[in-house]
Number of protein chains: 2
Amino acid sequence: MTTPDKPGLRERKKQRTRTAISDAAIDLFLDRGFAHVSVAEIAHAAEVSKRTLFAYFPTKEDLVVHRMADHEQEAARVVRARPAHTTPLTALRDYFLDGLRRRDPITGLNDHPAVRSLTELIYGTPALIDRMQRFKAGGERALAEALCDTTEASDLTARLAAVQIIGVQWALSADNFQRLVQGETADGRYEGAVRDAEHAFDLLANGLAALT
Amino acid sequence: MTTPDKPGLRERKKQRTRTAISDAAIDLFLDRGFAHVSVAEIAHAAEVSKRTLFAYFPTKEDLVVHRMADHEQEAARVVRARPAHTTPLTALRDYFLDGLRRRDPITGLNDHPAVRSLTELIYGTPALIDRMQRFKAGGERALAEALCDTTEASDLTARLAAVQIIGVQWALSADNFQRLVQGETADGRYEGAVRDAEHAFDLLANGLAALT
DNA sequence: TATATTTCTACACCAGGTGCAGAAAGATTC
DNA sequence: GAATCTTTCTGCACCTGGTGTAGAAATATA
């Protein structure tokens, strides 16, 4: 996938323009809120025409959420790359726990100001949440395929499992992040986050039957 | 909640206008596709000003998906209204199975032309899917609260369970509908849909541990 | 240096959505 | 039933996200 051949002036400039636009956008959004900044303003701040902005990002929302696009296929990759004799659920649990250890922003357990304020922006903007949901759905599809390809599960079973797993991961992340908003630190929250994640994956593995 | 006091001419007219607008919109959407009909056109067809249309429906998308809004709290209601000594999961499973029996559109198992083409419209329009996701999220929140209020489960456990349950129900519905699109009839699909639903709720109750 | 390609820009345009002031219609009082 | 109060509807101007297009500018190639 990587093409380290010749970056080429053109490609380098494109990459710089892209980040310049996104950075300008996020700066303005953080400052005044998503709705109160127009794309024209962003284009001006990035010293680019409005038309060019939309050549790089299909929508205003994507100016923010494009950074999460890489993570969309993550769960699917983890399942496909798991060692033999390892169950998908175990692989995903270990990966999530490792994410907590690394304070991976996607686990909701990163309280660096830049990460935090960006997450706050997303959670506080319905339009951005909608876009995130689309990534979530894409992640579900990818994981379902991975489960289908690497296990004996039926197509439907794979989809059901994928929906449950991705849903639970997002719920865990949202919970962690909400606690940071309420004042906990990432380090202070870490142990609880681990316990909760283990509990959640236990529920996934053993079911909700205990729920009365 | 119901106020059967005096409908009042004003209220009656409002209700009629509301359905007139929605009906006009859906007719046009089914005919030419969501993106190729402007709200101005819909307002004209419904003999109403554009401004009035937006007084009844906050967005173009809501012209279609507002009909699902009633179902948003359904799962939560079922859990709250369940008989004593009945587990939430059992109540929800029985309710879903009953929905299949009744060919409730929300189960994806209704092949009446009007229902079917409307569902096709929604599934075929990304903007409408996005709006549906918002209802899904609302349903998750409501169910989580219901579980929290009526069981011993912790707040987090309730949210995790809610996400799994609602996700599974939507996946089942989507699967049923997809089969209708591919040519199966609702009656022909019924038995398979029941089997799949039972399988799905088994997974929910007993977990994904069997998945290797 | 000359030329072919890609990218950027300016500009006009469409559509969804909002604010506002006044007209119209339903409710209320005598 | 007329006068008045209140809610709703309308038309219009306006903003903003997003697109089509033609030509200018910049990069790659020879």
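Quick note on labels: first sequence line is chain A, next is B, and so on, each numbered from 1.
Taking every heavy atom of residues 48-55 of chain A and every atom of DNA chain D, pairs under 4.0 Å involve A:Lys50, A:Arg51, A:Phe54, by number. Looking at residues 26-44 of chain A, you'll see A:Val37, A:Ser38, A:Val39 sit with a heavy atom under 4.0 Å from some atom of DNA chain D.
Classification of A:Glu120 and A:Arg116 as a salt-bridged pair holds, one side-chain N sitting under 4.0 Å from a carboxylate O.
The nearest whole Å value for the distance from the CZ atom in A:Arg12 to the C1' atom in D:dA26 is 14 Å. Taking atom CD of residue B:Glu61 and atom C1' of nucleotide D:dG17, one finds them 13 Å apart after rounding to whole Å. Between the CD atom of A:Glu11 and the P atom of C:dT5 there is a distance of 18 Å, rounded to whole Å. In this structure, CZ of A:Arg18 is placed 12 Å from P of C:dC8, rounded to the nearest angstrom. Rounded to an integer number of Å, the gap from B:Lys13 NZ to C:dA27 P is 10 Å. D:dG17 atom P lies 15 Å from atom CZ of A:Phe57, rounded to whole Å. Straight-line distance from the NZ atom of B:Lys60 to the C1' atom of C:dG17: 12 Å, rounded to whole Å. For the pair B:Ile21 CD1 and D:dT10 C1', the interatomic distance rounds to 13 Å; values are reported in whole Å.
Applying the salt bridge (charged side-chain N to carboxylate O under 4.0 Å, His left out) rule to pairs touching residues 39-52 of chain A yields A:Arg32-A:Glu41, sequence neighbours excluded.
Here the OH atom belonging to A:Tyr56 is positioned 6.5 Å from the CD1 atom belonging to A:Ile21, to the nearest 0.5 angstrom. Note that CG of B:Asp196 is 8.0 Å distant from CG of A:Leu160, once rounded to the nearest 0.5 Å. Residue A:Leu143 holds its CG atom at 11.0 Å from CD of A:Gln164, rounded to the nearest 0.5 Å.
OP1 or OP2 of C:dC8 has at least one side-chain nitrogen or oxygen of A:Tyr56 nearer than 4.0 Å.
Using a 4.5 Å heavy-atom threshold, the side chains of B:Tyr190 and B:Asp187 count as separate.
Between A:Phe96 and the choices A:Leu92, A:Leu100, A:Asp98, the side chain to side chain contact (heavy atoms under 4.5 Å, CB included) rule is met once, by A:Leu100.
Relative to the ring axis of A:Phe135, A:Arg67 does not place its NZ or CZ within 45° and under 6.0 Å from the centre.
Nearest heavy-atom pair across A:Ala162 and A:Glu140 is CB-O, 3.5 Å.
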